[in-house]
Amino acid sequence: MNTRYWILGGTVLLLFLIFRFLLPLVLPFVLAYFCAKMISPVIRFFTEKLKWKKKVTVVLVVVITVGAIIGFIGYIGSLAIGQMILLLQKIPVYEQMADRTLEDFCCRCDQVLDLTIGTSYRYLEAQTTQMYQNIGNDILPKLSEYAADILKWVAGAGSGIFIFFVSTLLILLDDSFPRVPERFRPFMVRLKSAGFAYIKAQGIIIFLIAVVMSIGLVLMKNSYAILLGAGIAIFDAFPVMGSGIILVPWALIEIARGNFFGASILLTLFVVATFLREILEPRLLGKELGMKPLFVLIAVYVGAKLFGIGGILLGPVALAVLKATDEVIKSKDYLRSSH
């Protein structure tokens, strides 16, 4: 029993070290491996059924696949950047709207508290002025550093895409690509059925919900439909909370403003997102994941805390690895194969 806990504890430490230090270095190769696994059936179809030459087929399929991925990401990215620029341009307008709303709220608070009209607003205005001064003194000088970091990230992303492209080609062209050793097969089978199934399911669901959210927000004539749609879809990946944590309060605000059409769209989007997740998750995962929602929520939260947005996927993957390790230990497949 003690050995089991030592192994699980060592697995947790190993996963942390891998995700923190190793994964950023080998991520293009990991993505290339999965991409190669996904498109290998297409290549087998052309080479075995249509008798195409393998090298020509591999190059053609990889170029089309990677080109389509880059084109799609570039298109969505350009829309998102355009909406971000529009948001920055309209910040003064939103500041005026927020200022008027805040002034009305403060006046009502003064009436309730029997204060001189304007007391609460003047206090908040002083605090806001101080906040702006802090922004000017502390935050703005750091923007130049962030700009340099962004340029480095863009350069790194470009080199990563090139390495991903070349690695995918080499993996598909290599007929003798190493297989998983026999002693690790039981572990990999369990991990594939749990962790990989989770990543695939969440990727498909997040993409579909982002599309649905963006379409609904476009119907509301929202200028930031792509940005908000993607953000809400990411929130929807959190167990229990989901997209309702954004959509329901937003709908209530729209009702208070008298915008019943917008509120109906938001509530419809919430229902559709919930329906999609409830329908697709069992079909995509079935009983393969087998993890309690509370544990998944903890894994998502811890993963996001440790690794940022990517932790939303890495946390449950780590949980799946632990589950697979524990199952292998309990079944003693690992111990038998090691003797």
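Quantities reported herein were computed from a predicted structural model and do not represent experimental measurements.
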Worksheet item: Of all heavy-atom pairs between Pro24 and Ile18, which one has the smallest distance, and what is that distance?
Response: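 Minimum heavy-atom contact is CD-O, 4.4 Å.
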Worksheet item: What do you reckon, is CZ of Phe162 surrounded by more than 12 foreign heavy atoms closer than 6.0 Å?
Response: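 Incorrect, the count does not exceed 12.
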Practice prompt. Inspect the surroundings of OH in Tyr224 and state if more than 12 heavy atoms from other residues, nucleotides or ligands are less than 6.0 Å away.
Written response: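 More than 12 within 6.0 Å, yes.
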Can you tell me how far the [atom1] atom of [X] sits from the [atom2] atom of [Y], to the nearest 0.5 Å?
{"X": "Ile73", "Y": "Ser78", "atom1": "CD1", "atom2": "OG", "answer": "12.0 Å"}
{"X": "Thr47", "Y": "Lys54", "atom1": "OG1", "atom2": "NZ", "answer": "7.0 Å"}
{"X": "Leu227", "Y": "Leu217", "atom1": "CG", "atom2": "CG", "answer": "10.5 Å"}
{"X": "Ile246", "Y": "Leu266", "atom1": "CD1", "atom2": "CG", "answer": "11.0 Å"}
{"X": "Leu228", "Y": "Asn222", "atom1": "CG", "atom2": "CG", "answer": "5.0 Å"}

Practice prompt. Given side chain to side chain contact (heavy atoms under 4.5 Å, CB included), test Leu17 with Leu22 step by step and report yes or no.
Written response: CA-CA 7 Å; Leu17 295 175; Leu22 182 61; over 6 Å; no
Worksheet entry | Same apolar cluster: Ile39 and Val56, side chain cutoff 4.5 Å |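 Looking at the clustering, Val56 is in a separate group from Ile39.
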Worksheet item: Is it the case that one hydrophobic cluster holds both Leu267 and Met213, taking links as side-chain heavy atoms less than 4.5 Å apart, direct or via other members?
Response: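 No, Leu267 and Met213 fall in different hydrophobic clusters.
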Worksheet item: Checking Arg20 side chain against Leu306 main chain: does a donor-acceptor pair fall under 3.5 Å?
Response: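 Confirmed, Arg20 side chain pairs with Leu306 backbone.
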Worksheet item: Lys221 side chain to Val218 main-chain N or O, any donor-acceptor pair under 3.5 Å?
Response: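 No; judged by distance alone, with no hydrogens or angles, the pair does not exist.
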Discussion item. Run the side-chain contact (heavy atoms from CB on, under 4.5 Å) test against Leu208 and tell me which residues pass, sequence neighbours left out.
Written reply: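 Leu208 satisfies side-chain contact (heavy atoms from CB on, under 4.5 Å) with Ile204, Leu280 only.
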Discussion item. Against Leu172, only a single residue in Leu169, Leu170, Thr168 fulfils side-chain contact (heavy atoms from CB on, under 4.5 Å); can you say which?
Written reply: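 Answer after filtering Leu169, Leu170, Thr168: Thr168.
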